[in-house]
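To keep things clear, I will list the structure first and then write my remarks on it.
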Amino acid sequence: RRIDRTPGVLGRHRFTLEADGLHEATDVEETVYAWTSVSAVRKTPRFIIISIDRKQHLLLPRRDFASDKAFDDFYRRVEVQLRERLKPPP
């Protein structure tokens, strides 16, 4: 299938961070990536890259955030969730 003809692939995606995971909404559907499925997060000067089960990668461009602070805050919040999940039990 061609990506440009698959509803929800191209176009606006809205990401929000909730207690149960990372929410992605498009005009067509909403997906929830549980925090247990987030395997890595990293930041480049232009993107936040979130790895889902090491098979899928979400690229969130800096230009789509309201400010550099919003970009950095979003990254930190994902990083905290990932760190908490990976922390060994006491």
Side-chain angles (χ1 to χ4, degrees):
R1 269 181 2 174
R2 290 182 48 169
I3 288 176
D4 61 342
R5 293 188 183 156
T6 304
V9 173
L10 299 179
R12 183 176 299 273
H13 291 245
R14 182 166 189 251
F15 292 92
T16 55
L17 305 176
E18 303 292 341
D20 62 339
L22 174 66
H23 290 238
E24 176 186 17
T26 69
D27 291 340
V28 179
E29 66 185 349
E30 181 171 338
T31 303
V32 178
Y33 301 101
W35 289 118
T36 55
S37 68
V38 176
S39 56
V41 62
R42 62 189 185 101
K43 182 171 68 167
T44 71
R46 295 177 51 208
F47 294 96
I48 294 172
I49 304 165
I50 302 172
S51 299
I52 308 295
D53 291 330
R54 294 193 170 96
K55 297 175 189 170
Q56 180 179 358
H57 306 282
L58 306 172
L59 280 71
L60 287 66
R62 179 185 290 270
R63 70 176 181 266
D64 289 346
F65 287 83
S67 66
D68 287 342
K69 181 180 180 329
F71 178 81
D72 292 335
D73 288 348
F74 190 96
Y75 171 76
R76 275 193 286 278
R77 289 180 60 203
V78 174
E79 190 178 46
V80 165
Q81 287 291 340
L82 186 60
R83 196 171 338 127
E84 286 297 315
R85 185 178 69 79
L86 296 176
K87 188 186 325 183

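Closest of all the heavy-atom pairs between Arg62 and Pro45 is NE-O, 2.7 Å. Shortest non-hydrogen contact noted between Ser39 and Asp53 is OG-N, 3.7 Å.
The distance from atom OG1 of Thr31 to atom CD of Glu29, rounded to the nearest 0.5 Å, is 4.5 Å. With rounding to the nearest 0.5 angstrom, the CG atom of Asp72 is 4.0 Å from the NZ atom of Lys43. Note: Leu82 CG to Arg77 CZ = 14.5 Å, rounded to the nearest 0.5 Å. In this structure, CG in Leu59 is found 10.0 Å from CZ in Arg46, a value given to the nearest 0.5 Å. Of the inter-residue distances, the one linking Thr36 atom OG1 with Ile52 atom CD1 reads 10.0 Å to the nearest 0.5 angstrom. Leu22 CG to Leu60 CG: the interatomic distance, rounded to the nearest 0.5 Å, is 7.5 Å.
Residue Leu17 is grouped with residue Ile50 when hydrophobic side chains (ILVMFWY) are merged at heavy-atom distances under 4.5 angstrom, including chains of intermediate members. Placement of Val78 and Phe15 within a single hydrophobic cluster is found when ILVMFWY residues are connected by side-chain heavy-atom separations under 4.5 Å, directly or transitively. Under the 4.5 Å side-chain contact rule for hydrophobic residues, Leu58 and Phe71 share a cluster.
Under a 3.5 Å cut-off, the side chain of Trp35 and the backbone N or O of Glu18 do form a donor-acceptor pair. A donor-acceptor pair is defined here as one N or O able to donate and one able to accept, closer than 3.5 Å; such a pair exists between the side chain of Ser67 and the backbone of Ala70.
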Query raised in the report: How far apart are the C-alpha atoms of Asp73 and Arg76, what are their side-chain angles, what is the distance that settles it, and do they pass the salt bridge (charged side-chain N to carboxylate O under 4.0 Å, His left out) test?
Result: CA-CA 5 Å; Asp73 288 348; Arg76 275 193 286 278; 3.0 Å; yes
